[in-house]
Amino acid sequence: MDEGLRSELSKQGVFTTTLQELSNWSRRNSMWPLNFGLACCAIEMIAASMARFDIARFGAEVFRPSPRQADLMIVAGTVTKKMAPLVVRLYNQMPEPKYVIAMGACAISGGPFKQGYNVLKGIDRYLPVDIHIPGCPPRPEALLHGLIELQKKIAAQPLTGEERPRHLRTDAPGEFPVPAYGPYDLQPPHNPDLWRPPVVVRGQPA
Amino acid sequence: MIPRNADEPTLLAGLSTGDVTPEAPPAGPPPPTGPGYEVRPRARAPLPGDADEWLEVSVGPHHPSTHGVFRMDVVLEGERVRRLKPVFGYLHRNHEKLAEQTSYLGSIPYTDRLDYFCSLTNNWAYVLTVEKLAGIPVPERAEYLRVITAELTRILNHLCLIGFLTHDMGTMGTPLMYAFREREKVLDLFEALTGARMMCNYFRFGGCRCDLPPGWVEGVQRFVEGLPRFLDEFEALLSTNEILLARTVGIGVLPPALAVNAGITGPMLRASGVNYDVRKVDRYGIYDRFRFRVPLGEHGDTYDRYMVRLLEIRESREILLQALRDLPPGPVLNPQAKQRGLRPRPGEAYGRIEAPKGELGFYLISDGGPNPYRYRVRPPSLINLTILEDLCLGHTLADAVVILGSVDIVMGEVDR
């Protein structure tokens with residue numbers, strides 16, 4: 001619809017929308033995060049849901065203990081190799097459409113503990129991460145910014161066509177393989193459909 | 001369950017999930033008994049009653065009322081806990097190994113992430129140990145700053161603990177919101193001082209990183225003045241609340257003999273009536289200059305543990321008032337102390353402080369190199385957690401959650 005006509009109509013008290021906008025508007029303004037914290041960042045996530053930062057202003061205050069009722073997984077903290085299969089299983093239990101925020105340096109890449117033998121070097125090896133929030137730990141404002149960016153991302157998702165999101169496609173996977181404890185490392189060490197080790201060619205800029 | 005003599009891959013897989021059967025106890029003399037408390041044998045006798053009625057429930061590691069990624073394998077008879085096995089390691093971040101490969105200075109930010117509520121007391125314990133190892137004196141003003149920041153940390157930790165404890169009882173956030181409101185005030189002060197809200201990284205060998213920003217002391221004074229009003233309100237809401245009393249009085253009683261034998265420290269030990277506070281015993285830093293009382297519990301139940309912490313907040317306030325009154329001018333960092341490339345002479349040192357959760361100790365061995373040869377943390381959370389089963393046996397599963405909340409654990413410190 002023409003933007004001018006639409007603005008004119010709204011001045012007359014007539015609200016016009018499209019199915020796509022209505023759907024995305026309602027989805028993005030009631031994201032229910034999974035009540036799930038791993039380490040230090042979880043405390044800032046709790047702080048974001050408290051009175052001062054008040055994540056309820058963005059419709060994401062309903063922290064659900066059950067993955068069956070959650071839309072958003074905030075991976076807040078260090079994912080160890082012992083915890084990684086459980087994180088992936090929790091993600092698989094969430095219904096579509098579902099989104100992942102990697103909060104903090106540890107969830108993005110292992111952070112300060114990257115050298116550790118027991119630390120997963122980023123949850124994006126197993127899960128499709130939508131938003132990365134850097135920081136150690138990120139401030140609650142940073143989490144709110146990440147949430148707003150995710151809302152923008154959802155608002156731009158078309159309902160039809162080639163660009164439609166995963167939950168509207170029949171060929172895209174909704175579940176991801178859960179890694180198993182191997183003798184030395186998690187098996188497989190990463191999900192090749194989601195993440196590949198960066199290829200560095202000597203003498204070439206990355 | 002995987003037997004002990006399984007092949008290596010199965011065993012390793014089992015080790016990582018905690019599914020390995022314990023070894024049979026060796027046939028021999030009966031296990032030694034401690035003074036007044038019998039040490040429990042490792043393999044326990046089968047439980048009385050009908051085995052078909054037991055239910056094994058795995059609470060965690062993702063569970064809203066476990067504090068962090070912690071699992072309790074509980075055997076229930078009806079609703080009563082008959083066995084409880086804490087399983088941890090879900091947040092093992094190789095803290096000690098990383099610190100052995102890092103310079104002495106480089107480990108300070110890692111200590112922030114041990115107990116992520118109380119980064120400043122963790123800093124202090126580590127820095128105190130290195131100062132002991134290398135023989136570094138600390139200027140007087142820096143000692144005062146350490147006391148002020150550590151007591152602010154204690155207030156913050158205890159408030160959040162009470163918030164989470166009541167959250168576990170089903171208050172659904174109201175006291176937690178109040179606690180976090182006060183926490184934000186302290187965090188604002190920390191941010192003004194150190195530049196970070198949670199991971200302060202403020203202490204250095206022989207002092208503190210920087211001096212106070214203008215107006216900081218007045219900010220602390222304002223916070224300290226407003227604290228009694230907040231505490232009175234908080235106590236009026238909670239301390240005589242019928243539901244809180246019903247959920248805490250007589251629940252999870254910790255006898256003093258068991259507490260001493262198990263090495264419990266901190267508010268948990270004092271709630272059982274044992275007068276032991278490292279601030280009074282060791283008088284590290286300048287704690288001998290302050291007048292404060294050590295609150296003691298009488299029964300050792302969950303209510304006492306709650307109350308001891310509330311009283312400790314008031315005592316911390318007394319220390320803060322005295323420290324702010326006496327804060328001397330002067331340098332905050334010993335200029336002779338070497339920060340980068342510190343190579344203490346070969347030797348070992350154990351430094352301990354009274355962290356909000358108990359006795360936090362660091363044990364360092366130096367071989368004269370730029371990084372410690374051995375770096376060991378004595379985390380109060382882990383050792384206070386070892387008696388969880390003794391506290392929970394016979395209580396309902398809902399009480400076990402409350403008892404776990406009153407132990408005050410942070411998984412970053414338990415698993416390291």
Side-chain angles (χ1 to χ4, degrees), chain A residues 34-44 46-54 61 63-67 73 77-87 89-90 93 104-106 110-120 135-141 180-187, chain B residues 7-18 60-65 67-69 71 87-95 97-98 101-102 106 109-110 112-117 119 160 163-164 167 173 176-181 183-185 187-188 191 196-199 410-412 415:
Chain A
L34 184 60
N35 189 349
F36 167 65
L38 290 169
C40 330
C41 293
I43 308 299
E44 290 294 61
I46 296 168
S49 70
M50 290 293 150
R52 185 178 189 180
F53 298 100
D54 199 10
E61 83 279 16
F63 280 83
R64 300 315 294 187
S66 164
M73 176 184 249
T78 317
V79 188
T80 60
K81 287 178 182 168
K82 187 168 178 176
M83 193 64 198
L86 306 163
V87 176
R89 199 169 292 138
L90 282 172
Q93 287 171 355
C106 290
F113 300 97
K114 186 164 186 165
Q115 312 301 326
Y117 52 85
N118 194 33
V119 175
L120 188 71
C136 188
R139 298 175 60 90
E141 292 98 323
Y181 302 121
Y184 302 109
D185 199 354
L186 289 172
Q187 290 298 332
Chain B
D7 56 319
E8 194 190 2
T10 325
L11 193 62
L12 283 167
L15 278 175
S16 52
T17 51
H62 155 70
H63 190 273
S65 59
H67 291 229
V69 278
R71 197 172 102 205
V87 182
F88 27 69
Y90 290 99
L91 195 55
H92 175 52
R93 303 193 277 196
N94 333 110
H95 177 81
K97 278 293 159 212
L98 286 176
Q101 293 158 18
T102 317
Y110 283 108
D112 283 338
R113 287 153 182 85
L114 268 179
D115 171 359
Y116 31 81
F117 272 109
S119 64
C160 290
F164 283 123
H167 190 77
L176 188 62
M177 287 247 184
Y178 288 0
F180 266 70
R181 192 184 63 198
R183 177 178 180 263
E184 291 293 339
K185 292 179 189 167
L187 290 191
D188 279 349
E191 195 181 350
R197 279 160 55 88
M198 280 173 70
M199 306 301 173
V410 159
M411 290 320 285
D415 296 334

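Note: hydrogens, waters and symmetry copies are ignored here, and every other heavy atom, side chains too, is used. Quick note on labels: first sequence line is chain A, next is B, and so on, each numbered from 1.
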With a 4.5 angstrom heavy-atom cut-off, which part of [X] approaches chain B: side chain, backbone, both or neither?
X       : result
A/Ser49 : backbone
A/Phe63 : neither
A/Leu90 : side chain

Return the option, out of A/Cys136, A/Pro67, A/Gly37, A/Ala51, with the maximum number of heavy-atom pairs under 4.5 Å with chain B. A/Cys136
Counting heavy-atom pairs under 4.5 angstrom with chain B, the leader among A/Gly77, A/Ala180, A/Ala47 is A/Ala47
Please round to the nearest 0.5 Å and tell me the distance separating atom [atom1] of [X] and atom [atom2] of [Y].
X        : Y        : atom1 : atom2 : answer
B/Asn94  : A/Phe113 : CG    : CZ    : 8.5 Å
A/Thr78  : B/Arg113 : OG1   : CZ    : 9.0 Å
B/Glu184 : A/Phe53  : CD    : CZ    : 4.5 Å
B/Met198 : A/Arg139 : CE    : CZ    : 12.0 Å
A/Asp54  : B/Met177 : CG    : CE    : 7.0 Å
A/Ile46  : B/His167 : CD1   : NE2   : 8.0 Å

Between A/Tyr117 and B/His92, is the ring centre distance below 6.0 Å? yes
Taking side chain as everything from C-beta outward and backbone as N, CA, C, O, which of these in [X] sits under 4.5 Å from a heavy atom of chain A? Side chain, backbone, both or neither.
X        : result
B/Leu91  : both
B/Phe117 : side chain
B/Phe164 : side chain

Keeping the roles fixed (side chain from B/Tyr110, backbone from A/Pro112), state whether a donor-acceptor pair exists under 3.5 Å. yes
Thinking salt bridges, do B/Asp415 and A/Lys82 make one under a 4.0 Å N-O criterion? no
With heavy-atom distances below 4.5 Å as the criterion, would you say the side chains of A/Leu86 and B/Arg71 are in contact? no
Could you walk me through whether B/Leu98 and A/Lys114 pass the side-chain contact (heavy atoms from CB on, under 4.5 Å) test, one step at a time? CA-CA 10 Å; B/Leu98 286 176; A/Lys114 186 164 186 165; over 6 Å; no
Please find the pair of heavy atoms, one from A/Thr80 and one from B/Tyr90, that lie closest to each other, and give the distance. OG1-O, 2.7 Å
I need the minimum non-hydrogen distance between B/Arg93 and A/Ala39, along with the two atoms involved. NH1-CB, 3.7 Å
Among B/Cys160, B/Gly89, B/Ala196, which has the most heavy-atom pairs under 4.5 Å with chain A? B/Gly89
Looking at B/Arg183, B/His95, B/Met411, which makes the most heavy-atom pairs under 4.5 Å with chain A? B/Arg183
Audit row: A/Glu44, B/Arg197, side-chain contact (heavy atoms from CB on, under 4.5 Å) steps and yes/no: CA-CA 9 Å; A/Glu44 290 294 61; B/Arg197 279 160 55 88; 2.8 Å; yes
